[in-house]
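Data block below; observations after.
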Amino acid sequence: MEKEDNGFNPKIVGFLCNWCSYAGADLAGVSRFIYPPNLRIIRVMCSGSVDPAVLIEGFLRGADGILVCGCHPGDCHYQDGNSHAARRIETLRKLIQLTGLEPERLRMEWVSASEGKRFAEIVTEFVDTVTELGPNPVAGDAPDIDIMEGLYVARSAVDDFRLSLLMNKEHLLETKPNAFNRMNPSEKVHDVVEKAMLDEYARCRILLATKGQPQSVKEISERANLPEREILGHIVLLRDRGLVTMTEIRGISPLYLSQIEEGQEISTLPLWAKVQKESIETSIASLPDVDEATKKWIVRELLLTLRCYNCERRRSNVCHFSVCVRGLLSGVVE
Amino acid sequence: MPLLGLCQRIAFGGGRIASESAERISDKVIERIPEKVGAVLVIGGGIAGTQCALDLADTDLKVYLVDSSPSIGGAMSQLDKTFPTHDCAMCIMAPKLVATGRHHNVELLTNSEVEKVEGQVGHFSVTVRRKVRCVDESKCTGCGLCTQRCPVEVPDEYNKGLKMRKAIYMKYPQAVPPAHTIDQDACIGCGICQTQCEAGAIDFTEEERAIIIDVGAIVLAPGFTEFDLKLKREYGYGRYPNVISSLELERMLSPTGPYGGIVLRPSNGEVPEKVAFIQCVGSRDVQVGNTYCSSVCCMFAIKEATIAEEHTPGLKTHIFFMDMRAFGKEFDEYYVRAEKEHGLRFTRNVRVASVDENPETHDLTIWFSEKGELRKKVFNLVVLSVGTDSPQSAQDVAETVGIELNKHDFCETDIFSPLETNVPGVFVCGAFSSPKDIPDSVSQASGAASKAMNIVASERGKLIEKKGYPSEIDLKGQDPRIGVFVCHCGINIGGVVDIPGVVEYAKTLPNVVHAEDNLYTCSQDTQEKIKEKIKELDLNRVIVASCTPRTHGPLFQSTLMEAGLNPHLFEMANIRDQCSWVHSSFPEKATEKAKDLVAMAAEKSRLLDPLPKVLIEIEKSALVIGGGLSGMTVAQELADQGIKVFLLEKEKELGGLMKRIHYGLNGEEVQAFLSKVMSDLPKNPLIEIHTETELKDVSGCVGSFDCLIESNGHEQEFRVGAIIVATGGLEYRPTEYLYGEDTRVMTQLEFENMLASSDGMDAKTIVMIQCVGSRVPERPYCSRICCTEAVKNALKAKELKPESNVYIMYRDMRTYGFREEFYNKAAAEGVIFTRYSEDSKPVVSVGEDSSLQVEVLDQILDENIMVRPDILVLSAATIPNPDNVPLSQILKVPLNKDKFFFEAHMKLRPMDFANDGIFLCGLAHLPKFFEENIAQASGAAARAMTILSKDSLEAESIIAVVDEDKCRGCGKCVETCEFNAPELIEKEDGRLVSHIREALCKGCGACSVSCCNKSITMKGFTSDQIMSMVRRGLEVAAKET
């Protein structure tokens, strides 16, 4: 009964908690509740253990949809992991929306060990939804570079200490007395997290846009797809953190250059997709005897991987991919 | 209040004082005699409050300094530069802040508000509410790890919202106290800061508490708030991104500000090419209710425009204003320079009607009417010169303390008592009584300090804990035995530098007998440890390798003294601020450098000598030169505090220039006030008045000046501890406009005399010409008072003869502060104001019908007008006393080019000379109003009291010393010294040699460099000591290469 629409067969990853949802999925099987086969289930001990960076990575790797299932509120085997997960995923959906990817592709559901039927229904419905949305735009031979870049940026943002700290603590700070032993006013934490998410996403985008070549605010605005007016404020803080420097004033426009190097806080900002795509394509163009399909495959592999195939170095703007391309090719040949 | 309740009050922080005073209060209840308390409360820690607190504390009074913000510093701490000298505001202010924070007699109560005031003059009980800080000030090292990790961002008030700060923060890097604060409104209580804080300074359980302090007097210095620019909707602030306030621009210009010192358009981050300044936004504006002038914005705008052009290539500024109010010392010259030399553009006499934005480019169009035509101009950035409002807390303060406010919510004062509120024992200074600039605030601050001292002078020293130290161990014949204490500073140093490695290395250095590491060397238990080690191992030199001697040197020196060592046997290696913090990416190199720094310190340490403490005896009397209003005020203030005063006046009678003034702006009776002062003064047994007397000679230095005076051929000698210069000024005798040739032409003072005389004034048409002798090439300064005097006399003329026509021909009306309202009143009553320009001054002639004729080109109407006045009044300049020149030579103090006395620092030391023990005030400093003279004179008294209140003064220990055997008596050092410390004396063998007067030497070292045969050395920084460090430093460098 695999869902198929215009030949599209969505790939969906599910993270199921060991204690409720995974058991619920088993129950669906025991009870023979039929659901589409698009879902690849990964067992985790708690839905709260699913790292937002992993979810984004999933989309980058081509998942058309991601489902996270946990115990019902109050039933968590680890007290509160499910609520943490729910809060985090809510924020993550907003973040994903910023990248241009449909947030509906990420879903959190409560499934108890006795809800086999519910599990089957959820999966069926989710597969329908995703099928309707169509393929993940960053999957396939012609990934949407804009969204792909957005996802990379989002992953850097959630990896950065500030957002990761807030996303991890969001639920706790909303529901439990804080360090002062008082409750936070409603919406306060939510507002702080939301603002942090928007800010950190924008800052990572700016870092990406200023990588390698000094850029003016106007250019950053175009490359990072941010309103000009918001950029200066972020630049001020990035300069303070030593992540961006002003190289010169060209005419009336100060130019800024990202200082991200390997091993630094936002080092996971891996690929400056647009820049790299050009660079990779140039490298490949010079290679004889490689067919178009292979070339596309190489580009895609290179865009996705963090580490160089041959030299095992973390990618940086000094790498021109020639080594990687050759490495990959030799693999193909083998 | 029941007695039990009084005694049960528990105080935190000021607990010691509070329990003592509780006892005293119980006495008071029993005896019914209010007892005075030798403490003063200062509310507000801006520049005024800080100066006031320091002056009080320096005369051995206990001071509580309350500030609602987490750090002191106020508005001045946000400034980049100060006019007209372009001094860096923080550079000149930080030492004062640090001194206040470290002063034994000052208790800082930051993050606090005064809640209740009870009692009366001499003894107030004040309830202070201490808001929650959540950071223990004594434990916080200011390292900033908490701030780095805090996830909550909020707009940074210090940077006017151009930048974000964290929920746990320090207001600015140099903040005093140097402790972080948790912003309770922003914090979400995630607790991450606590996990980061190695010092364990963060305490979430801290609760708000109220403490009660007892003081004898209260000084209010709450400052001002900025006018809410959004109320001027037509200028678009808050709606258009490129319309900013002058304080936002100030932060942009600051190198520590958000944009690193260059001006950028908030809309797109680009450099603006054309920047407009709109003056008087929220000032001189009936529409918004602020009818007064904010006094500082004109100069502020010129300064910002000049600096913006300097900092940002291609940027051109344009200032739109009504009158340029450059009335302070050397302000007008600054204004002229800005236009002529820097090429700043000015559009005069316009009020900008509105600002429109092009929504595409965010450029701004300014609409204004000039010479009757509506014009517009396009700019990339518009700066609104924001006006000064009364402080936000004004109403609360008024209610708590019971003082009266004026209709603009500023503190009500009058011209004869500018520092006093209506509540006895409560004084005011700074911008709270009227908008004013820094030097005026500082003058008032010292003045208010003097007023407070008068009340509690008898209690001086009673609440002060004098720190006693054991006598010094005799080190004669001992080899250096050095102890090295290396600080981890949590992970601030230890996270980068290999501290155990440094300790092991230190142990190998010559003469080092002990080395150890500490988590925090500055903590109290480490101080005890250092003392133990000194005793146990007979250490006679101590090196601490940690942060910076600028903030922590005095702490460790005090530890040495407690252990019986001379404080100058201490040396510091700065391995945090100048090593680990700046080389965090190169831990190995940083460790190497730290080792070198310790080795260099050890080299110097071996050569250190104990430096003796030099005490200067203080003669408890003062000489006041000049018997005008200022001189009389100083004499009175000093005598009130038990100081013997010699008051010198050259004329037959006291009173000075004030004798020629009859009434104030509000109709105050000046002569009645003056005659009361003049009759009271001689009754005071401590004041010895010498009229018709001149100062002939002065020798000696601070604490003991030997003075020689002469009166009608009789000479007299006496010794005083301090000298105050109050020589006053004179009215210029014009040579312009037929003055002296035609009796109908008179000066403003002569006209005032006529108005006040019983004969009255019967002129139908009166013309006043402003700036006669002021703002001209030979006398480029503004005389400050003449605009207001003209308005005052014009109003008087109108009052006496309502049908008279009064014309005031002016260049800029400089009726600053609340005087502006009288300018408005004059205009409303029909006084005609005609602006003339410098290049086309009025022309005065006598017509064929022998009538006086005044012709002038009216700049506003752009046409010639001609008036035939019955009386022509010239607003003549106020000129310095010609005696200033010989006096400056006798006292060896400088004059400026206009021949007014030149103070030690134009911003922060308006009553001091660089030479200790000599002070100035009144017209000797620059022309100004009664109320300003009284404030400054009181201020000079307070400054003098910081010396005269003591029996002896501790001189600098780090001073120059002369090797008399080597000295050839060439006198180069005498020429070089700014402070007159060296003098040539004759030895018994007839040789001339240089001698350093220890009391005057500041330890700058200029003389030692100038000395031709190196016979002068600097104690504590001898050539040997410095060279040993150089050698050690280079040795290592050589090893590396």
Side-chain angles (χ1 to χ4, degrees), chain A residues 160-170 172-174 176-185 188-193 195-196 199-200 215-221 227-237 239-242 245-246 249-256 261 263-265, chain B residues 132 134 147-156 159 161-167 182 184-195 202-207 241-242 251-252 256-274 312-315 362 380 584-585:
Chain A
D160 181 49
F161 82 93
R162 182 171 172 225
L163 202 50
S164 79
L165 180 119
L166 284 170
M167 285 172 79
N168 285 335
K169 285 213 163 190
E170 189 175 4
L172 203 66
L173 289 167
E174 277 184 338
K176 296 264 160 52
N178 63 16
F180 299 98
N181 207 19
R182 339 182 250 269
M183 295 301 296
N184 276 310
K188 184 176 177 184
V189 178
H190 175 263
D191 292 348
V192 167
V193 177
K195 200 178 155 295
D199 286 349
E200 294 305 320
Q215 304 284 336
S216 71
V217 168
K218 200 179 166 80
E219 289 162 337
I220 296 169
S221 162
E228 280 185 19
R229 199 180 157 177
E230 287 173 19
I231 291 171
L232 189 59
H234 294 309
I235 295 267
V236 166
L237 286 187
R239 282 179 79 183
D240 252 19
R241 289 197 212 163
T245 50
M246 191 178 91
I249 300 179
R250 188 179 61 203
I252 55 167
S253 310
L255 302 187
Y256 301 98
E261 288 301 335
Q264 279 190 341
E265 240 168 41
Chain B
V132 180
C134 291
T147 294
Q148 272 177 29
R149 284 289 154 175
C150 172
V152 182
E153 282 179 1
V154 281
D156 181 5
N159 278 303
L162 294 170
K163 190 175 174 176
M164 305 296 275
R165 65 157 168 84
K166 296 295 185 63
I182 293 182
Q184 300 290 314
D185 294 331
C187 180
I188 54 173
C190 71
I192 186 90
C193 48
Q194 198 173 36
T195 67
I202 295 171
D203 176 12
F204 292 112
T205 62
E206 191 187 304
E207 280 179 21
N242 293 334
R251 291 312 302 153
M252 284 189 194
T256 62
Y259 304 158
I262 55 169
V263 183
L264 297 174
R265 272 154 53 98
S267 71
N268 62 0
E270 288 188 341
V271 176
E273 286 176 278
K274 288 185 284 179
T312 318
L315 187 148
H362 296 290
N380 307 120
S584 52
S585 342

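Each chain gets a letter, A, B and so on, in the order its sequence line appears, and its residues count up from 1.
- B/M164 contributes atom CE, which lies 9.0 Å from atom NE2 of A/H234 (distance to the nearest 0.5 angstrom).
- Contact count against chain A (heavy-atom pairs under 4.5 Å) is highest for B/C190 among B/A186, B/C150, B/C190.
- Proximity to chain A (any heavy atom under 4.5 Å) is shown, for B/I202, by neither the backbone nor the side chain.
- Taken to the nearest 0.5 Å, the CG atom of A/L165 stands 9.0 Å off from the CZ atom of B/R149.
- Heavy atoms of B/D185 lying under 4.5 Å from chain A belong exclusively to its backbone.
- Proximity of a side-chain donor or acceptor of A/K218 to a complementary backbone N or O of B/G269 within less than 3.5 Å is not detected.
- Contact record, B/E270 with A/S253: OE2-OG, 2.9 Å, taken as the closest heavy-atom pair.
- Contact count versus chain B (heavy atoms, under 4.5 Å) is highest, among A/E228, A/R229, A/K169, for A/R229.
- Proximity to chain A involves both the backbone and the side chain of B/P258, based on heavy atoms less than 4.5 angstrom apart.
- Listed here is the closest heavy atom pair of B/C134 and A/F180: SG-CE2, 3.2 Å.
- Chosen from B/L315, B/N268, B/T312, B/I262, the residue pairing most often with chain A at heavy-atom distances under 4.5 Å is B/N268.
- Taking CZ of A/R182 as the start and CD of B/Q184 as the end, the distance is 5.5 Å to the nearest 0.5 Å.
- Between the CG atom of A/L232 and the NZ atom of B/K163 there is a distance of 12.0 Å, given to the nearest 0.5 Å.
- Each of B/P272, B/G260, B/S267 has some count of heavy-atom pairs under 4.5 Å with chain A, and the biggest count is that of B/S267.
- Options A/V193, A/I231, A/D240 differ in how many heavy-atom pairs under 4.5 Å they form with chain B, and the most are formed by A/D240.
- Taking every heavy atom of both residues into account, B/L264 and A/P254 meet most closely at CD2-CG, 3.5 Å.
- Remark: A/E219 pairs with A/S216, A/R250 by the side chain to side chain donor-acceptor pair (under 3.5 Å) rule, at least two apart or across chains.
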Problem set entry | side chain to side chain contact (heavy atoms under 4.5 Å, CB included) between A/I252 and B/N380, intermediate numbers included | CA-CA 11 Å; A/I252 55 167; B/N380 307 120; over 6 Å; no
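- Only the side chain of A/L173 has a heavy atom closer than 4.5 Å to any heavy atom of chain B.
- With a 4.5 angstrom heavy-atom cutoff, A/N181 does not touch chain B via any of its atoms.
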